[in-house]
Enquirer: 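Take this structure first; my questions come after.
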Number of protein chains: 2
Amino acid sequence: MNDKAKQWIDRYLDVYQLVTRRISAEMREHLGEDLTNDQFQVVRLINSMPQCTSSQLADTLAVGKSSITAIVNRLVDAGILYRTRDEADRRQVYLALTDYGTSIFESAQEQVRNIISPYLKHFEEKDIEMFISMFEKLGQLMQESGGRKN
Amino acid sequence: MNDKAKQWIDRYLDVYQLVTRRISAEMREHLGEDLTNDQFQVVRLINSMPQCTSSQLADTLAVGKSSITAIVNRLVDAGILYRTRDEADRRQVYLALTDYGTSIFESAQEQVRNIISPYLKHFEEKDIEMFISMFEKLGQLMQESGGRKN
DNA sequence: TGAAATAGTTTCATTATTGAACTATATGGC
DNA sequence: GCCATATAGTTCAATAATGAAACTATTTCA
């Protein structure tokens, strides 16, 4: 590995850590009692995936299935999610938002948008587009090479 | 907030989550028994900050000081860090790496570079430079507006 | 000198995570 | 049709990260 690559990686680690931590902190502060950070991510995914299963979540979030069971249990207890079993293949359990969960999620989503949007003003539209596109390409590469047995 | 902003934020959240989770998963897998993800971040910071204190760490990582005490305790128990008290102002405790800690950190750092570097090959140098610069600008904006009382 | 500020720790509760063992269900080869 | 294997999900025990509030020790300053 050349020095330039090392420097890029070091700079990336620095800023990735800083940005991730700050966003997490702001979300912790503004999401309040309703949802933790991780719970928001999970609820957001379930909201966007029809017929979402635990295995899909575990795969998407790159964690073990037992971790998903734990998170989902807490969200079911809180009245935010419910499980339904597939009658054709009774091994499959689908996850979905309750009405209450939907309202919690939508207000959390609003909060998160309010946290992030002020930063957009400091950038040119074309730069934002380029930044996100590159980030998405990175994400895609990671998704392709990714995978977790469990 | 306009629709374009909402879409950017949604795309950012998607890819931010994906990339963060994948990197975490890979680090978990390759850092092995030696260091957790968060521990690597903490050790990396201490390595780069002379006379590092708990308060500085808490501020940089945007968490409470009790969280730092817990992490540092585990790392001291593992023989990776040691504390020294400032004789001039005995409230201050400086954190530093032991020799063992340094060797653990350097090999972890090597692992992390190996995890990330393959992805660099898929991008143009000038694009990488631009991407990191924008990310750094975002980080800087967040740092300025940031802050946590505790 | 005494009150307020600062640095850090302790304690307790909660959440996220792993890994291994487990249950229930489905599938496919013979 | 039946058994071995695969798949989906859960349970359980252990560990780590975190916040909040109460606490100790030290310093500063009016």
Side-chain angles (χ1 to χ4, degrees), chain A residues 17 20-21 24-43 45 51-78 80-81 83-95 148-150, chain B residues 17 20-21 24-43 45 51-78 80-81 83-95 148-150:
Chain A
Q17 173 183 79
T20 301
R21 294 273 187 173
S24 292
E26 289 227 46
M27 284 172 69
R28 255 194 316 261
E29 196 167 339
H30 289 90
L31 259 43
E33 311 299 299
D34 296 332
L35 291 175
T36 67
N37 235 309
D38 289 327
Q39 286 170 355
F40 174 71
Q41 293 195 344
V42 168
V43 168
L45 272 177
Q51 306 270 83
C52 176
T53 67
S54 287
S55 294
Q56 286 168 8
L57 278 186
D59 195 47
T60 306
L61 297 172
V63 296
K65 287 189 299 182
S66 58
S67 187
I68 301 298
T69 299
I71 288 192
V72 168
N73 279 343
R74 282 186 285 267
L75 289 169
V76 168
D77 289 349
I80 290 172
L81 297 184
R83 295 175 161 103
T84 52
R85 205 167 270 277
D86 185 330
E87 287 306 318
D89 180 348
R90 293 187 47 74
R91 290 170 305 180
Q92 310 254 5
V93 176
Y94 299 123
L95 304 169
R148 188 174 200 283
K149 341 91 248 289
N150 188 258
Chain B
Q17 173 184 78
T20 302
R21 294 274 186 172
S24 293
E26 289 227 45
M27 284 172 70
R28 252 193 321 261
E29 196 167 340
H30 288 90
L31 259 44
E33 309 299 297
D34 295 333
L35 293 174
T36 67
N37 235 309
D38 289 328
Q39 286 171 353
F40 174 70
Q41 292 195 343
V42 168
V43 168
L45 272 177
Q51 307 268 84
C52 176
T53 67
S54 287
S55 295
Q56 287 168 8
L57 277 186
D59 196 47
T60 306
L61 297 173
V63 297
K65 287 189 298 182
S66 60
S67 187
I68 302 298
T69 299
I71 288 191
V72 168
N73 280 343
R74 282 186 284 267
L75 289 169
V76 168
D77 289 349
I80 290 171
L81 297 183
R83 295 174 160 104
T84 51
R85 206 166 269 278
D86 184 331
E87 287 306 317
D89 181 347
R90 294 187 44 74
R91 288 170 307 183
Q92 311 253 7
V93 175
Y94 299 123
L95 304 170
R148 188 177 199 281
K149 354 61 274 265
N150 188 265

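Worth saying up front: this structure is predicted, and the values here are computed from it rather than measured. Chain identifiers are assigned alphabetically (A, B, ...) following the order of the sequence lines, protein sequences preceding nucleic acid strands; residue numbering begins at 1 within each chain.
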Enquirer: Does A:Arg85 put a side-chain nitrogen or oxygen below 4.0 Å from OP1 or OP2 of C:dA24?
Expert: no
Enquirer: Could you tell me whether the phosphate oxygens of C:dT10, OP1 or OP2, come under 4.0 Å of any side-chain nitrogen or oxygen in B:Thr69?
Expert: no
Enquirer: Indicate whether OP1 or OP2 belonging to C:dA7 is found under 4.0 Å from a side-chain N or O atom of B:Gln56.
Expert: no
Enquirer: NA contact type, A:Arg83, heavy-atom cut-off 4.0 Å: base, sugar-phosphate, or nothing?
Expert: sugar-phosphate
Enquirer: Send over the distance from A:Ile68 CD1 to D:dC12 P, rounded to a whole Å.
Expert: 19 Å
Enquirer: B:Asn73 has an atom CG; how far is it from atom C1' of C:dT9, in whole Å?
Expert: 8 Å
Enquirer: Quick test: give all pairs of protein nitrogen or oxygen and nucleotides 5-8 of chain D nitrogen or oxygen below 3.5 Å, distance rounded to 0.1 Å.
Expert:
unit_1: D:dT7; atom_1: O2; unit_2: A:Arg91; atom_2: NH1; d: 3.3
unit_1: D:dA8; atom_1: O3'; unit_2: A:Arg91; atom_2: O; d: 3.3

Enquirer: Can you tell me how far C1' of D:dT18 sits from CZ of B:Arg74, to the nearest Å?
Expert: 10 Å
Enquirer: Can a side chain N or O of A:Arg21 be found less than 4.0 Å away from OP1 or OP2 on D:dT18?
Expert: yes
Enquirer: CG of B:Leu57 versus C1' of C:dA7: gap in Å, rounded?
Expert: 13 Å
Enquirer: Closer than 4.0 Å, any side-chain N/O of A:Arg28 to the OP1 or OP2 of D:dG19?
Expert: yes
Enquirer: Side-chain contact test, heavy atoms from C-beta onward, threshold under 4.5 Å: evaluate it for A:Arg28 versus A:Thr36 and give yes or no.
Expert: no
Enquirer: Where the side chain of B:Gln39 is concerned, which of D:dA21, C:dT15, D:dA16 is the nearest nucleotide?
Expert: D:dA16
Enquirer: Rounding to an integer number of Å, can you tell me how far B:Asp34 CG sits from D:dT15 P?
Expert: 17 Å
Enquirer: Only counting residues at least two apart or in another chain, list the ones meeting side chain to side chain contact (heavy atoms under 4.5 Å, CB included) with A:Gln56.
Expert: A:Met49, A:Cys52, A:Thr53
Enquirer: So A:Ile71 and A:Leu57, do their side chains get closer than 4.5 Å, heavy atoms only?
Expert: no
Enquirer: Any side-chain heavy-atom pair from B:Gln39 and B:Asp34 closer than 4.5 angstrom?
Expert: no
Enquirer: Quickly work out the B:Asp86 CG to C:dG8 C1' distance and round it to whole Å.
Expert: 13 Å
Enquirer: Given D:dT28, is OP1 or OP2 found less than 4.0 Å from the side-chain N or O atoms of B:Arg90?
Expert: no
Enquirer: Rounding to an integer number of Å, can you tell me how far B:Leu61 CG sits from D:dA16 C1'?
Expert: 15 Å
Enquirer: Compare every heavy atom of A:Phe40 with every heavy atom of A:Met27, then report the nearest pair and how far apart it is.
Expert: CE-CD2, 3.5 Å
Enquirer: Can you measure B:Glu26 atom CD to C:dT18 atom P for me and round it to whole angstrom units?
Expert: 14 Å
Enquirer: Is B:Ile80 close to B:Leu35 at the side-chain level, that is, under 4.5 Å between some pair of heavy atoms?
Expert: yes
Enquirer: Report yes if the side chains of B:Val63 and A:Arg21 come closer than 4.5 Å at any heavy-atom pair, otherwise no.
Expert: yes
Enquirer: Does B:Ile71 reach a base, just sugar-phosphate, or nothing at all? Heavy atoms under 4.0 Å.
Expert: sugar-phosphate
